[in-house]
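First comes the structure, then the notes that go with it.
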Amino acid sequence: MTDSKYFTTTKKGEIFELKSELNNDKKEKKKEAVKKVIASMTVGKDVSALFPDVVNCMQTDNLELKKLVYLYLMNYAKSQPDMAIMAVNTFVKDCEDTNPLIRALAVRTMGCIRVDKITEYLCEPLRKCLKDEDPYVRKTAAVCVAKLYDISSSMVEDQGFLDQLKDLLSDSNPMVVANAVAALSEINEASASGQPLVEMNSVTINKLLTALNECTEWGQVFILDSLANYTPKDEREAQSICERITPRLAHANAAVVLSAIKVLMKLLEILAGDNDFCSMLTKKLAPPLVTLLSSEPEVQYVALRNINLIVQKRPDILKHEMKVFFVKYNDPIYVKLEKLDIMIRLANQSNIAQVLSELKEYATEVDVDFVRKAVRAIGRCAIKVEPSAERCVSTLLDLIQTKVNYVVQEAIVVIKDIFRKYPNKYESIISTLCENLDTLDEPEARASMVWIIGEYAERIDNADELLDGFLEGFQDENAQVQLQLLTAVVKLFLKRPADTQELVQHILSLATQDSDNPDLRDRGFIYWRLLSTDPAAAKEVVLADKPLISEETDLLEPTLLDELICHISSLASVYHKPPTAFVEGRGAGVRKSLPNRSASAAGEDSSSSVQEATVIPNQESLIGDLLSMDIGAPAAPAAPVPASSNVDLLGGGLDILLGGGPVASNDTAPAAAAPVGGSAAGGLLGDIFGIGPVSSTNMIQIPKITWLPADKGKGLEIQGTFSRRAGQVYMDMTFTNKAMQAMTGFAIQLNKNSFGLVPSAPLQVAPLQPSQSVDTSLPLGTTGPVQRMEPLNNLQVAIKNNVDIFYFACLVHGNALFVEDGQLDKRVFLTTWKEIPAANEIQYNLHGIVGTADTVAAKMTANNIFTIAKRNVEGQDMLYQSLKLTNNIWVLLELKLSPGSSDATLSLKTRSVEVGAIIFTAYEQIIRSP
């Protein structure tokens with residue numbers, strides 16, 4: 001008979017009957033009763049009333065019954081904490097049972113019961129189980145430490161469980177080692193500081209590698225993930241780890257293979273200087289990746305998403321394996337689309353013929369989505385591999401001749417991109433495209449065709465008729481098509497003004513008067529004013545040469561790609577998003593990145609080496625040689641950093657909202673709107689307070705403090721502060737030589753920091769004689785590498801001279817990071833304030849305020865905190881202010897002042913609340929300044 005009988009309903013008085021059965025003297029009856037209780041609990045019935053009776057059943061030698069009782073306890077202990085305490089004695093007793101299975105079961109269950117009163121009693125049994133003679137008990141206890149850390153982190157640290165867990169890394173049983181690694185990884189991720197509580201070293205890593213060969217597959221995954229977080233001290237250690245991990249690539253489990261690949265991808269960065277070893281390792285990575293593609297479709301998809309990242313980082317790994325990515329007839333659509341994407345990434349001059357014939361075949365398939373992607377892929381091949389462009393265009397024309405509607409439309413979209421990549425080369429095919437004009441019904445295809453007509457209007461005799469045909473249903477067109485039509489007609493007018501004047505007036509009227517789309521209306525007004533005031537300027541703007549489109553527009557931004565490589569074999573590598581984008585709570589904020597390539601590997605000159613500061617692993621002790629590269633070389637101009645990931649460091653900013661130009665209401669022309677920021681600041685304040693523009697010389701000067709005392713600097717004392725002048729951040733420093741010898745050859749380097757601060761020029765300090773002091777100002781740019789620091793404005797500095805290299809840390813003053821264009825339009829301010837969730841609002845109390853609301857606002861404006869509006873509500877002055885940080889994070893503020901009081905309340909709203917502390921400190925400094 002099966003266990004289904006326990007789920008059948010019984011007579012009335014079910015609880016009463018179960019109660020009497022639980023107290024039965026016969027063991028079999030008791031077991032049957034507990035099974036019925038668990039069955040009722042499983043289907044959602046409340047059987048908590050039986051708690052004391054079930055707990056009484058714990059006193060048994062029967063392992064099956066004990067498991068059932070423990071299961072019941074785990075479920076109801078939280079709702080009945082006072083009764084759960086009754087079970088503690090049995091737990092403690094079971095932890096000393098002769099049967100290791102019962103000892104392990106007891107400690108596991110105690111760890112799962114999240115009740116403070118029980119947690120207190122867990123420490124002693126757990127300590128014993130961590131040293132138990134049986135490995136099964138030890139491995140269970142290791143996981144229990146991680147669970148206990150989640151309940152009470154301070155207890156784990158105080159009771160010394162972390163040290164015991166670290167000792168288990170040296171255990172003779174590989175499964176105990178694997179569980180200890182898993183628990184430590186969990187604890188490190190949950191650490192409130194974001195810093196690992198247990199640092200790995202060479203000895204520990206060696207023990208892990210020894211245990212790796214004997215673990216179960218999931219134990220191997222835990223160990224490999226831990227190895228991925230370790231940075232070897234030199235190339236020799238990195239090579240040794242690679243050699244010992246490489247056999248894992250032949251494992252049958254896909255998770256083990258991908259975890260091993262993740263470790264090797266990271267180590268390849270460190271070993272970039274050893275070309276022979278890297279080449280050998282690269283060849284070994286290809287076969288396991290290919291093998292993963294023979295798994296079931298779901299595993300294939302995960303493998304393909306990971307391969308997509310690997311190919312972007314190191315295309316040479318799979319450059320000879322194009323055929324394995326050819327689509328099979330029975331592949332699911334999600335696998336087909338992913339394979340197609342990787343094919344394009346691997347396409348090059350040697351295999352393009354093979355790829356094109358395959359893509360042409362795909363374009364005749366029955367799956368519409370797949371066919372569309374295949375046609376787009378042909379266009380991407382043309383853009384990526386220039387010698388193949390002509391063949392690609394010819395293939396696209398053949399596809400257009402098929403007259404299949406969706407094929408024609410996709411072909412026109414990609415041909416538009418080909419025209420942009422190779423201007424004046426393939427325009428002879430325009431007539432063929434125009435023949436299919438009437439069949440286009442998708443917005444993107446129609447917009448692409450309109451762009452082609454406008455761009456090459458001088459080559460199309462009836463361009464005006466074609467565009468006029470579109471205008472008949474202008475109001476029904478998609479916004480994308482309307483915008484493209486407006487631009488195309490203006491282009492046509494500028495090329496053939498004589499016979500298209502009526503057409504341009506018609507479309508400008510449609511765009512500015514009959515449309516409620518602000519983007520379309522704004523563009524219409526701009527064109528109207530350009531054409532009416534200066535047609536020559538209009539021609540220069542509208543008909544200007546366009547930049548060629550890039551080869552790979554869909555590549556991930558390099559910083560994000562490096563982070564995702566560190567998350568291979570996790571959900572982040574499937575989503576192609578960092579964990580912070582979809583995970584909330586603990587561990588989400590810990591950011592990973594690949595190690596910097598060694599200087600010998602990069603093969604770069606010394607000037608480029610200066611830009612890439614070594615990451616200091618420990619912020620408190622400032623260990624790590626920032627100046628291992630040629631610090632004395634002249635500072636090269638910092639390369640621009642892509643804006644997609646680094647600039648918006650803390651995941652916010654209002655750039656999308658504010659980047660599109662002035663905001664206009666329905667009844668005002670946008671061209672009439674005043675520019676925001678810069679010189680407009682004085683005008684706005686003048687409107688509110690009747691004062692003129694405020695000079696930037698009123699910006700506060702925060703006194704210098706000692707950054708490097710003489711006893712730490714071998715006689716060199718550095719005092720400094722930060723300021724902002726003429727739109728640039730400056731480090732103002734005083735160098736004093738308190739030693740007995742002269743100091744020369746000064747150079748400086750900054751570590752990666754939250755705001756990308758890097759020196760814009762070399763440090764200028766003349767030779768410093770004993771007892772001599774000299775002042776210097778170092779201009780700083782904001783285009784350097786970005787790494788989040790704690791606190792955010794922490795800046796780690798290395799100074800080198802003829803004596804030694806000295807390290808210190810200092811805090812950048814907030815007002816030095818406030819940029820000059822931080823003033824929002826009133827409507828944008830209001831809209832944004834409403835859009836930012838209430839959870840992102842922080843309040844702060846200011847004390848010691850001197851002066852009126854007007855003088856406070858004037859001080860703020862001098863420091864690039866702009867007052868948008870002022871109101872008086874119930875006798876209190878309310879100042880609404882905005883500022884923008886150098887990394888494009890916008891902050892909105894409300895300052896509430898009571899006349900006659902020296903106290904005020906500051907409310908801050910931003911999408912990146914982490915900057916709050918910097919802003920509040922800056923307000924304190926500015927308000928108290930004379």
**Request:** Output, in order, the C-alpha distance, side-chain angles, deciding distance and verdict of salt bridge (Lys or Arg N to Asp or Glu O under 4.0 Å) for Asp877 and Arg871.
**Result:** CA-CA 6 Å; Asp877 288 326; Arg871 285 196 302 150; over 6 Å; no
**Request:** Tell me, with the steps shown, if Lys752 and Val786 meet side chain to side chain contact (heavy atoms under 4.5 Å, CB included).
**Result:** CA-CA 5 Å; Lys752 292 180 183 178; Val786 174; over 6 Å; no
**Asked** Rounded to the nearest 0.5 Å, how far does CG of Asn801 lie from CG of Leu716?
**Response** 6.0 Å
**Prompt:** Which atom names give the shortest non-hydrogen contact between Leu895 and Tyr923, and what distance separates them?
**Reply:** CD2-CE2, 4.4 Å
**Request:** With the side chain counted from C-beta on, respond yes when Thr861 and Phe866 share a heavy-atom pair under 4.5 Å apart, and no when they do not.
**Result:** yes
**Fill in**
Note: Thr867 and Ala857 closest approach over all heavy atoms is OG1-CB, 3.6 Å
**Request:** Could you please spell out the steps behind the side chain to side chain contact (heavy atoms under 4.5 Å, CB included) verdict for Phe920 and Leu906?
**Result:** CA-CA 8 Å; Phe920 295 145; Leu906 179 64; 3.7 Å; yes
**Complete:** Shortest non-hydrogen pair, Ile927 vs Lys859, comes out as O-NZ, 3.0 Å
**Message:** Under a plain distance cut-off of 3.5 Å, with no hydrogens placed, do Ser760 and Gln728 share a side-chain donor-acceptor pair?
**Reply:** yes
**Asked** Is Ser754 reaching over with its side chain to a backbone N or O of Leu792, donor-acceptor style, under 3.5 angstrom?
**Response** yes
**Request:** Step by step, work out the salt bridge (Lys or Arg N to Asp or Glu O under 4.0 Å) result for Asp732 and Arg725.
**Result:** CA-CA 11 Å; Asp732 299 323; Arg725 302 192 289 276; 3.1 Å; yes
**Prompt:** If we only count heavy atoms from C-beta on, is the Gln764 to Phe746 side-chain gap below 4.5 Å?
**Reply:** no
**Item:** Close side-chain approach of Ser907 and Glu841, heavy atoms under 4.5 Å
**Value:** yes
**Request:** Check whether any side-chain heavy atom of Ile270 sits under 4.5 Å from a side-chain heavy atom of Pro232, and report yes or no.
**Result:** yes
**Request:** State the OG-NE2 distance between Ser902 and His847, to the nearest 0.5 angstrom.
**Result:** 8.5 Å
**Request:** With rounding to the nearest 0.5 Å, note down the distance linking CG in Leu879 to CD in Gln876.
**Result:** 11.5 Å
**Prompt:** With a 4.5 Å limit on heavy-atom distance, are the side chains of Glu820 and Arg724 in contact?
**Reply:** yes
**Asked** Is it true that Lys712 and Glu717 make a salt bridge, defined as a side-chain N closer than 4.0 Å to a carboxylate O?
**Response** no
**Atom pair CD1/CZ of Ile799 and Phe806 - distance to nearest 0.5 Å** = 9.5 Å
**Request:** Give a yes or no answer on whether the side chain of Lys909 reaches the backbone of Trp833 with a donor-acceptor pair at less than 3.5 Å.
**Result:** yes
**Message:** Test your reading of the model: is there a side-chain donor-acceptor pair from Thr905 to the backbone of Asn845, 3.5 Å cut-off?
**Reply:** no
**Item:** For the student: nearest non-hydrogen atoms of Ala183 and Leu165, plus distance
**Value:** CB-CD2, 3.8 Å
**Request:** Measure the CD1-NE2 distance between Ile565 and His567 for me, rounded to the nearest 0.5 Å.
**Result:** 11.0 Å
**Message:** Pair Leu227, Asp225 - check side chain to side chain contact (heavy atoms under 4.5 Å, CB included), show working.
**Reply:** CA-CA 5 Å; Leu227 289 169; Asp225 284 348; over 6 Å; no
**Prompt:** Between Lys313 and Leu309, is a side chain to side chain contact (heavy atoms under 4.5 Å, CB included) present by the stated rule, with each step listed?
**Reply:** CA-CA 6 Å; Lys313 186 69 184 172; Leu309 296 173; over 6 Å; no
**Request:** Using only heavy-atom distances, determine whether the side chains of Asp562 and Thr559 contain a donor-acceptor pair under 3.5 Å.
**Result:** no
**Asked** Hey, does the side chain of Asn840 reach the backbone of Thr910 with a donor-acceptor pair shorter than 3.5 angstrom?
**Response** yes
**Message:** Can a side-chain donor-acceptor contact be found between Thr734 and Gln719 if the only test is distance below 3.5 angstrom?
**Reply:** no
**Message:** Please give me the minimum heavy-atom distance between Ser773 and Thr736, naming the atom from each residue.
**Reply:** OG-OG1, 2.9 Å
**Nearest heavy atoms of Asn794 and Cys810, plus distance in Å** = OD1-O, 3.5 Å
**Asked** Do His813 and Thr721 have side-chain N/O donor and acceptor atoms under 3.5 Å apart?
**Response** yes
**Prompt:** Which one of Trp707, Phe818, Tyr730 satisfies the ring-ring contact (aromatic ring centres under 6.0 Å, His included) criterion with Phe722?
**Reply:** Trp707
**Message:** A side-chain contact here means heavy atoms from C-beta on lying under 4.5 Å apart; do Pro578 and Leu560 qualify?
**Reply:** yes
**Asked** So do the side chains of Leu763 and Phe735 get within less than 4.5 Å of each other, counting heavy atoms only?
**Response** yes
**Prompt:** Got Gln787 and Asn753 here, is their nearest side-chain heavy-atom distance under 4.5 Å?
**Reply:** no
**Prompt:** Going by atom types only, do Thr886 and Thr782 share a side-chain donor-acceptor pair under 3.5 Å?
**Reply:** no
**Message:** Using modelled atom types and a 3.5 Å cut-off, is there a donor and acceptor pairing between side-chain atoms of Ser901 and backbone atoms of Asp903?
**Reply:** yes
**Straight-line distance of Gln925 CD to Ile702 CD1, nearest 0.5 Å** = 3.5 Å
**Request:** Look at atom NZ of Lys704 and say whether more than 12 heavy atoms of other residues, nucleotides or ligands are closer to it than 6.0 Å.
**Result:** yes
